[in-house]
Amino acid sequence: MNHFKLRKNSPAVPIVSIILALAVIRFVSSLLVLFYEETLTSYLYIFLVLYGIAALVCVILLVRMRRCQLMFHDSNIIYTPLFGPDRELSYSELQKLSMGGRTYVLYTMDGRKLVKFNDLHTDNASEIVAFLKSKGVKTEI
């Protein structure tokens, strides 16, 4: 039984985690300063908003790096998007696999891009491409 999981291994995970931790620490420290100091409140409000936005963006990036995945089984594909329930697709619902150098883009029948992956950040990209070809997915260079 063939079973492949497409999950990108991003080198940005530790960097985004550190930025998230720093943004949360700065957000909390700005809140504490705001409660105990009456001066510089306009700057503190600006910093609170900036640190809050930075923390939110980092959380979304980390969730995306961990949650988004594509699992290839013998009979179907299970796509886990960032938000929402899992989608189950058949191989007949795939239009093509576009290959450009070491980057691969998988399109659905309605022409939308399902996933983009490459050899650098995906461990088994060449095995996945060979598996998709064996399932009858058209390839395009």
Side-chain angles (χ1 to χ4, degrees), residues 1-38 40-141:
M1 178 173 137
N2 292 323
H3 174 78
F4 294 102
K5 182 185 280 190
L6 178 87
R7 176 183 281 173
K8 297 177 185 174
N9 298 326
S10 178
V13 171
I15 296 168
V16 172
S17 300
I18 290 170
I19 292 172
L20 174 63
L22 291 175
V24 168
I25 289 169
R26 296 290 290 205
F27 183 81
V28 171
S29 65
S30 296
L31 272 178
L32 291 175
V33 169
L34 184 66
F35 287 135
Y36 293 115
E37 295 285 330
E38 287 81 27
L40 301 173
T41 56
S42 61
Y43 290 117
L44 283 177
Y45 289 127
I46 292 171
F47 286 131
L48 276 173
V49 170
L50 289 177
Y51 295 139
I53 291 171
L56 183 65
V57 167
C58 288
V59 165
I60 290 172
L61 284 174
L62 285 174
V63 168
R64 182 178 182 268
M65 289 178 202
R66 290 290 167 207
R67 175 152 166 82
C68 292
Q69 65 182 352
L70 200 61
M71 294 179 63
F72 299 98
H73 301 283
D74 280 332
S75 60
N76 62 357
I77 302 168
I78 299 175
Y79 173 62
T80 306
L82 179 59
F83 299 110
D86 293 350
R87 266 178 54 189
E88 190 171 329
L89 303 165
S90 66
Y91 291 102
S92 62
E93 294 179 49
L94 299 178
Q95 179 184 15
K96 65 182 175 180
L97 177 67
S98 177
M99 300 186 296
R102 294 181 167 204
T103 301
Y104 311 102
V105 183
L106 192 59
Y107 292 96
T108 58
M109 276 301 192
D110 55 358
R112 293 189 313 173
K113 181 174 26 171
L114 181 64
V115 68
K116 180 179 180 180
F117 60 99
N118 58 26
D119 288 334
L120 182 63
H121 296 287
T122 308
D123 293 333
N124 55 353
S126 59
E127 295 172 6
I128 291 172
V129 170
F131 180 72
L132 287 172
K133 285 180 182 180
S134 72
K135 289 295 182 180
V137 177
K138 291 187 275 183
T139 57
E140 174 183 280
I141 296 177

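- A cation-pi contact, defined as under 6.0 Å to the ring centre and within 45° of the axis, links K96 to Y107.
- Put simply, CG on L89 and OG1 on T108 are 8.0 Å apart, with the number rounded to the nearest 0.5 Å.
- Considering every non-hydrogen atom in both L62 and S17, the closest pair reads CD2-OG, 3.8 Å.
- Interatomic distance, CG of L106 versus CE of M99, reported as 12.0 Å (0.5 Å rounding).
- Taking all atoms of both residues into account, the shortest heavy-atom contact from I78 to H73 is CD1-NE2, 3.8 Å.
- The line from CE of M109 to CD of Q95 is 6.5 Å long, rounded to the nearest 0.5 Å.
- Counting heavy-atom neighbours within 6.0 Å of Y91 OH, excluding the residue itself, gives a total above 12.
- Nearest heavy-atom pair across A23 and A55 is CB-N, 4.0 Å.
- With rounding to the nearest 0.5 Å, the separation of OH in Y51 from OG in S29 is 7.0 Å.
- With values rounded to the nearest 0.5 angstrom, C58 atom SG is found 9.5 Å from L22 atom CG.
- Separation of atoms CG (L56) and CG (L61) is listed at 10.0 Å; rounding is to 0.5 Å.
- Between G52 and F27 the shortest heavy-atom distance is N-CD1, 3.8 Å.
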(request) Could you please spell out the steps behind the side-chain contact (heavy atoms from CB on, under 4.5 Å) verdict for I77 and E88? (result) CA-CA 6 Å; I77 302 168; E88 190 171 329; over 6 Å; no
(request) Under the side-chain contact (heavy atoms from CB on, under 4.5 Å) rule, what do L94 and L132 come out as? Steps first, then yes or no, please. (result) CA-CA 10 Å; L94 299 178; L132 287 172; 4.2 Å; yes
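- Contacts of S98 classified as side-chain hydrogen bond (donor to acceptor under 3.5 Å, both in side chains), with partners at least two apart in sequence or in another chain: none.
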(request) Output, in order, the C-alpha distance, side-chain angles, deciding distance and verdict of side-chain contact (heavy atoms from CB on, under 4.5 Å) for S90 and N76. (result) CA-CA 5 Å; S90 66; N76 62 357; 5.5 Å; no
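- For K133, there are no side-chain hydrogen bond (donor to acceptor under 3.5 Å, both in side chains) partners, not counting sequence neighbours.
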